[in-house]
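One structure is given below, encoded as structure tokens.
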Amino acid sequence: MKKSPSQENSFHQRAVQVVKKIPRGRVATYGQIAALAGSPRAARQVVRVLNTASEKEKLPWHRVINREGRVVLKPGRGYELQKALLKDEGVVFDDNGLVDFDRFLWKPRTRKP
DNA sequence: CTCGTGACTCCCG
DNA sequence: TCGGGAGCCACGA
């Protein structure tokens, strides 16, 4: 039996599809995307995907943050840009620059409890 | 070809 | 409690 075509893509391609599915006004974590793409520990590859794909495709790379709910970028590296973009979508950061996961964390439609 | 690094995350001592 | 190392995959020098 052949695998489904949607599963034939590489991690890179799958990650792109996942990121594109992030709804506006929501954020996701690297590990989350990596897990959805097939490798729960491939968070680093997600980073590579964002850097590469964001330049060609209109990926919501700014909706991807780390496990802490914080923007991992360094000042001058897109950190302010990401925060500004999220803020423009309605995402709010607290004084520590943390996002409220209870309100903005993207919940993938995997299954109903 | 080999080595190192990267917007990360998890596990173990 | 806190720190360090390993894991994941890709790409540049």
Side-chain angles (χ1 to χ4, degrees):
Chain A
M1 280 293 251
K2 284 238 175 220
K3 300 175 202 168
S4 293
S6 29
Q7 210 175 335
E8 289 288 306
N9 293 336
S10 300
F11 181 87
H12 178 107
Q13 293 287 295
R14 286 199 300 253
V16 171
Q17 302 301 320
V18 174
V19 174
K20 282 162 87 169
K21 278 151 58 174
I22 302 174
R24 180 177 168 289
R26 285 250 157 49
V27 296
T29 67
Y30 299 99
Q32 208 174 357
I33 294 163
L36 292 170
S39 294
R41 287 195 175 141
R44 283 177 147 159
Q45 282 55 271
V46 175
V47 171
R48 179 97 22 207
V49 171
L50 296 177
N51 271 297
T52 306
S54 63
E55 291 190 28
K56 303 175 169 214
E57 310 275 341
K58 290 276 196 95
L59 282 183
W61 62 271
H62 53 268
R63 292 183 192 143
V64 185
I65 56 183
N66 75 348
R67 257 313 248 179
E68 287 184 76
R70 180 183 155 161
V71 176
V72 203
L73 292 169
K74 294 181 190 170
R77 250 333 187 192
Y79 169 73
E80 296 185 9
L81 175 62
Q82 184 167 15
K83 243 170 75 168
L85 290 168
L86 290 174
K87 189 176 169 189
D88 186 55
E89 296 189 346
V91 178
V92 181
F93 290 80
D94 66 10
D95 293 337
N96 287 327
L98 301 177
V99 176
D100 190 348
F101 272 165
D102 290 323
R103 284 158 49 109
F104 301 113
L105 179 62
W106 173 49
K107 295 158 187 181
R109 309 288 234 81
T110 51
R111 196 134 320 194
K112 233 200 177 162

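Convention: sequence-line order gives letters A, B, ...; per-chain numbering from 1. The figures here come from the full heavy-atom set of this structure, side chains too, leaving out hydrogens, waters and symmetry mates.
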Say whether, by atom type as modelled, one donor and one acceptor occur between the side chain of A:N51 and the main chain of A:V47 under 3.5 angstrom.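 Yes.
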Which heavy-atom pair separates A:D94 from A:N96 by the least distance, and what is that distance?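 A:D94 and A:N96 have their closest heavy atoms at OD1-N, 2.8 Å.
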For the CD atom on A:Q17, are there more than 12 heavy atoms of other groups (residues, nucleotides or ligands in this structure) within a distance under 6.0 Å?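 For A:Q17, atom CD is crowded (more than 12 foreign heavy atoms under 6.0 Å).
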For A:E80, look at atom CD and say whether over 12 heavy atoms of other residues, nucleotides or ligands are found less than 6.0 Å away.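 No, not enclosed.
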[X] [atom1] - [N] [atom2] separation (whole Å):
{"X": "A:N66", "N": "B:dG6", "atom1": "CG", "atom2": "P", "value": "16 Å"}
{"X": "A:L50", "N": "B:dA7", "atom1": "CG", "atom2": "C1'", "value": "8 Å"}
{"X": "A:R63", "N": "B:dA7", "atom1": "CZ", "atom2": "C1'", "value": "17 Å"}
{"X": "A:Q45", "N": "C:dC9", "atom1": "CD", "atom2": "C1'", "value": "3 Å"}
{"X": "A:L59", "N": "B:dA7", "atom1": "CG", "atom2": "P", "value": "17 Å"}
{"X": "A:I33", "N": "B:dC8", "atom1": "CD1", "atom2": "C1'", "value": "11 Å"}
{"X": "A:R77", "N": "B:dC8", "atom1": "CZ", "atom2": "P", "value": "13 Å"}
{"X": "A:K74", "N": "B:dA7", "atom1": "NZ", "atom2": "C1'", "value": "9 Å"}

Rounded to whole angstrom, note down the C1' distance from C:dT1 over to B:dC8.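 Their C1' atoms lie roughly 22 Å apart.
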Working to the nearest 0.5 angstrom, can you tell me the gap between A:L59 CG and A:L50 CG?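 Spacing of CG (A:L59) from CG (A:L50) equals 7.0 Å.
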Quick check for you: to the nearest 0.5 Å, what is the distance between A:Q82 atom CD and A:I65 atom CD1?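 Nearest 0.5 Å value for the CD-CD1 distance: 7.5 Å.
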How would you summarise protein contacts on nucleotides 2-7 of chain C per nucleotide, using B for base, S for sugar-phosphate only and - for none, with heavy-atom distances below 4.0 Å? -----B
Identify whether any heavy atom of A:Y30 sits under 4.0 Å from a base atom; if not, whether one sits that close to sugar-phosphate; answer base, sugar-phosphate or nothing.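 Base contact.
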Would you mind classifying the nucleic acid contact of A:R67 as base, sugar-phosphate or nothing, using non-hydrogen atoms under 4.0 angstrom?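 Answer is sugar-phosphate: A:R67 comes under 4.0 Å of backbone atoms only.
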